[in-house]
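For reference, the structure discussed in these notes is given below.
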Protein chains: 2
Amino acid sequence: MNTQTFSALAEPNRFNIVELLLSEPLPVGDIAEKLKLNQSQTSKHLRVLSEAGLVEVQPIANRRIYKLKPEPFQELDAWLDSYRRIWGARMDRLDDYLNVIQGKKTLN
Amino acid sequence: MNTQTFSALAEPNRFNIVELLLSEPLPVGDIAEKLKLNQSQTSKHLRVLSEAGLVEVQPIANRRIYKLKPEPFQELDAWLDSYRRIWGARMDRLDDYLNVIQGKKTLN
DNA sequence: TTATAATATTCCTTGACAGGAATATTCCTA
DNA sequence: TAGGAATATTCCTGTCAAGGAATATTATAA
């Protein structure tokens, strides 16, 4: 799992951009307007998202349309598999660890 | 979706701690040793993870055993639902946006 | 080809965070 | 209850990222 994905999504404005792009691909100006960010910031955040592989750009006429790339989300999904497998099991059990402790018979 | 989760996982050492705790709950010392972090750093990272709700602690004797909490991962999973739904669909389609553009008949 | 719209980049400042070292705290154990 | 093990916290420093303002770039349209 690439932690760059987490870094990119950790910033609230960038997270909002991603959520916005979930509905439809959009040009920079529209993103800025809808999220009430200025143009400069929006471009910078899109750059980060782009370098993290979360979005890609497609120039149309005078504008640059940004859209989500599925790969990082799929990777995230795959990563979560390991965690799904143990929900309700080891994750909230202490026994595993306790059984392993040596040199200490009783705990209280 | 809480961006704190992303912030917490964005730091590589913390990510490694989470992955380590996936196998079993562990006390601070063991985590530090296995990941070759010093005790101070380890405590600090665990604090961040704890405040983000990713781990919880259970004191045993004079140790503090850290284990994962399932909630944030479940939340992440639920969040991904929206994205799963459109993989292969809108996510990599530009049509939706193009059809919406007014005042511009042809693009090239 | 010049003006203009859309977007990207640079420069600057500020705040947050990670790491190291040292110290404080907590809780057992003898 | 004193000593020591395990862990947490504080202080300090350096780095890096975000925001604002201004400027540069790119591509279209007249």
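Remember, it's a predicted structure, so these values are computed and weren't measured experimentally.
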**Whole-Å gap separating P (C:dA22) and NZ (B:Lys44)** = 13 Å
**Asked** In whole angstroms, how far is the C1' atom of C:dA22 from the CD atom of B:Gln39?
**Response** 12 Å
**Request:** Look at the side-chain N and O atoms of B:His45 and state whether any lies under 4.0 Å from the OP1 or OP2 oxygen of C:dG19.
**Result:** yes
**Message:** How many whole angstroms separate atom CD1 of A:Ile65 from atom P of C:dA8?
**Reply:** 11 Å
**B:Arg14 CZ - C:dG19 C1' separation (whole Å)** = 12 Å
**Prompt:** Any donor-acceptor pair under 3.5 Å between the side chain of B:Ser40 and the base of D:dT9?
**Reply:** yes
**Item:** CA sep, side-chain torsions, deciding dist, call: B:Leu21, B:Lys67, side chain to side chain contact (heavy atoms under 4.5 Å, CB included)
**Value:** CA-CA 6 Å; B:Leu21 293 182; B:Lys67 66 181 177 187; 5.9 Å; no
**Message:** What is the separation between atom NZ on B:Lys36 and atom C1' on C:dG19, rounded to the nearest whole Å?
**Reply:** 18 Å
**Which nucleotide in C:dT7, D:dG19, C:dG20 has an atom nearest any side-chain atom of A:Arg63** = C:dT7
**Fill in**
In whole angstroms, the gap separating P of D:dA5 from CG of B:Asp30 amounts to 16 Å
**Message:** Please tell me if A:Tyr66 has a side-chain N or O lying less than 4.0 Å from either OP1 or OP2 of C:dA6.
**Reply:** no
**Asked** How close or far is atom P of C:dT9 from atom CZ of A:Arg64, stated in whole angstroms?
**Response** 8 Å
**Request:** Determine, stepwise, if the pair B:Met1 / A:Phe15 fulfils side chain to side chain contact (heavy atoms under 4.5 Å, CB included).
**Result:** CA-CA 9 Å; B:Met1 181 65 211; A:Phe15 180 82; 3.6 Å; yes
**Message:** Can you tell me if A:Asn13 touches the phosphate of D:dA18, counting only side-chain N or O atoms and a distance under 4.0 Å to OP1 or OP2?
**Reply:** no
**Asked** Passes side chain to side chain donor-acceptor pair (under 3.5 Å), A:Trp79 versus B:Glu19? Steps please.
**Response** CA-CA 10 Å; A:Trp79 177 70; B:Glu19 293 260 279; 2.8 Å; yes
**Prompt:** Within less than 4.0 Å of OP1 or OP2 of C:dT4, is there a side-chain N or O belonging to A:Asn62?
**Reply:** no
**Complete:** Heavy-atom nearest pair, A:Asp77 first then A:Arg84, reads OD1-NH2, 2.7 Å
**Request:** Return the minimal non-hydrogen interatomic distance between A:Thr3 and B:Ala10, and the atom names on each side.
**Result:** CB-O, 3.7 Å
**Prompt:** Expressed in angstrom and rounded to an integer, what is the separation of B:Arg47 atom CZ from C:dA24 atom C1'?
**Reply:** 14 Å
